[in-house]
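All values derive from a computational prediction rather than experimental measurement. Just so you know, ligand 1 is whichever comes first in the structure, and atom 1 is the first atom listed for that ligand.
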Amino acid sequence: MAMSSMQGKVCLVTGSSSGIGKVTARELAQMGAAVVMVCRNRAKGEAVQMEIKEVSGNTRVDLIVADLSELSEVRRVASEFKQNYAQLHVLVNNAGGIQSEHKVTSDGLEVTFATNYLAPFLLTHLLLDVLKASAPARIVNVSSTAHARGKVDFADLQGTRRYSFAKAYGQSKLALIYFTYELADRLKGTDVTVNALHPGVVASNFNDGMKGLAHAIGTLIYTLVGISVEKGAQTPLYLATSPEVEGVSGRYFSDCKETPSSRRSYDAAVRQRLWRVSEELIQQNALSHLISEN
Ligand SMILES: NC(=O)c1ccc[n+]([C@@H]2O[C@H](COP(=O)([O-])OP(=O)(O)OC[C@H]3O[C@@H](n4cnc5c(N)ncnc54)[C@H](OP(=O)(O)O)[C@@H]3O)[C@@H](O)[C@H]2O)c1
């Protein structure tokens, strides 16, 4: 894989305390980029930050601690980042997970939907001005092949009527692809690209959000067919750094190759509706915070 030097580039990687995000952050630091890690657990994040600095010999590795399932935390990440950096060349929306049980954030959002989809939607919007000012810049959205089994259920987006981890996860990863395609259209002419990817079936900590039989089955699958986190990070790194994908936008990749996403994911009416609904959810949240502060 052709990789360019990342000297002089600033990269932000969410969910870089473990798995694919950790390797992505480490490799970007090794290529010379200034890396901003976004992690929800301070102790874990600081340990990985130190490890990456040691391994890469790169001292420009920063950490922002935030739980991205909370919209106010996403806003804080963007403002902390902007206080310290005037440029952003690569945004990797990697943080994500799967939940056995239906859990709701303080914003009233289902955790999978909030973390895997609405957080990247909001964070990307809040950082778009810096990305545009730093162009050429790239946005890399870590989706999953599970999107193909997903459907955006507008009547029950938060899974309150019927919840299953597979439904919630598939929906969130499909939503991220809709977002990728719609944003790519809206960013035409800006030299900011946005692509989505499936990293492979990766033996990471991903299965930790599962319980009981589903956890046992997941463990078996990851043990039997899971690829290493190093291999899992190859496609995000390819999209973040390779000259081969310079200017390429609005595409879906797996194994460092462009590949079609599900037929459903190309439905422009659904993606535009989802965009409007997402804006409304974020506006409601901003307004409810203003109301509760007064
Ligand atoms: N593993 C696979 O087979 C696979 C397949 C397809 C797609 N993916 C996607 O790949 C991405 C990375 O997953 P992974 O396999 O590397 O799993 P992982 O080892 O569990 O890493 C997930 C990362 O996201 C962070 N994270 C989760 N929820 C967060 C929140 N609310 N706020 C901030 N950070 C949060 C985790 O933090 P902690 O360290 O604190 O838990 C961790 O750093 C995810 O988006 C996942 O959906 C994975």
* Should the heavy atoms of other residues, nucleotides or ligands under 6.0 Å from CZ of Arg149 be counted, would the total exceed 12? -> no
* To do: Go through the steps for Tyr266 and Tyr252 under the test ring-ring contact (aromatic ring centres under 6.0 Å, His included), then give the verdict.
  => CA-CA 11 Å; Tyr266 294 104; Tyr252 178 72; 8.8 Å; no
* To do: For Ala66 and ligand 1, answer yes if some heavy atom of the residue is under 4.0 Å from a ligand atom, otherwise no.
  => yes
* Asked: Got the closest protein heavy atom to atom 15 (O) of ligand 1, with its distance?
  -> Ser204 OG, 2.5 Å
* **Distance from atom 44 (C) of ligand 1 to nearest protein heavy atom, with residue and atom** => Asn94 O, 3.2 Å
* Asked: So does Lys231 have more than 12 non-hydrogen atoms from other groups sitting under 6.0 Å from NZ?
  -> no
* Asked: Say you draw a straight line from CG of Leu91 to CG of Leu127; how long is it, rounded to the nearest 0.5 Å?
  -> 6.0 Å
* Asked: For Glu70, is the nearest heavy atom under 4.0 Å from an atom of ligand 1?
  -> no
* Geometric class of the Phe81/Tyr85 ring pair [parallel <30°, tilted 30-60°, perpendicular >60°] -> parallel
* **Pro199 heavy atom under 4.0 Å from ligand 1** => yes
* Who's the nearest protein heavy-atom neighbour of atom 7 (C) of ligand 1, and how far? -> Ser143 O, 3.2 Å
* Asked: Any idea which protein heavy atom is nearest atom 4 (C) of ligand 1, and the distance to it?
  -> Gly200 O, 3.8 Å
* side chain to side chain contact (heavy atoms under 4.5 Å, CB included), paired with Ile52, selected from Val35, Leu63, Val61, Asn58 -> Val61
* N/O to N/O below 3.5 Å, does that happen between Val38 and ligand 1? -> no
* Asked: Among protein heavy atoms, which lies nearest atom 19 (O) of ligand 1, and at what distance?
  -> Ser18 OG, 2.7 Å
* Can you tell me how far SG of Cys11 sits from CZ of Arg138, rounded to the nearest 0.5 angstrom? -> 10.0 Å
* Hey, can you tell me if Trp275 and His125 have their rings parallel, tilted or perpendicular (30° and 60° cut-offs)? => perpendicular
* Identity and distance of the protein heavy atom lying nearest atom 1 (N) of ligand 1 -> Val202 O, 3.1 Å
* To do: Could you establish whether Ala114 and ligand 1 come within less than 4.0 Å of each other, counting only heavy atoms on the residue side?
  => no
* Asked: Tyr169 heavy atoms, cut-off 4.0 Å: which ligand 1 atoms fall inside?
  -> 6 (C), 7 (C), 8 (N), 9 (C), 46 (C), 47 (O)
* Structure fact -> Distance col, row Glu258:CD vs Asn195:CG, nearest 0.5 angstrom, shows 8.0 Å
* Asked: Among protein heavy atoms, which lies nearest atom 10 (O) of ligand 1, and at what distance?
  -> Val142 CG1, 3.4 Å
* Structure fact -> Looking only at protein heavy atoms, what sits closest to atom 16 (O) of ligand 1 is Ile20 N, 2.8 Å
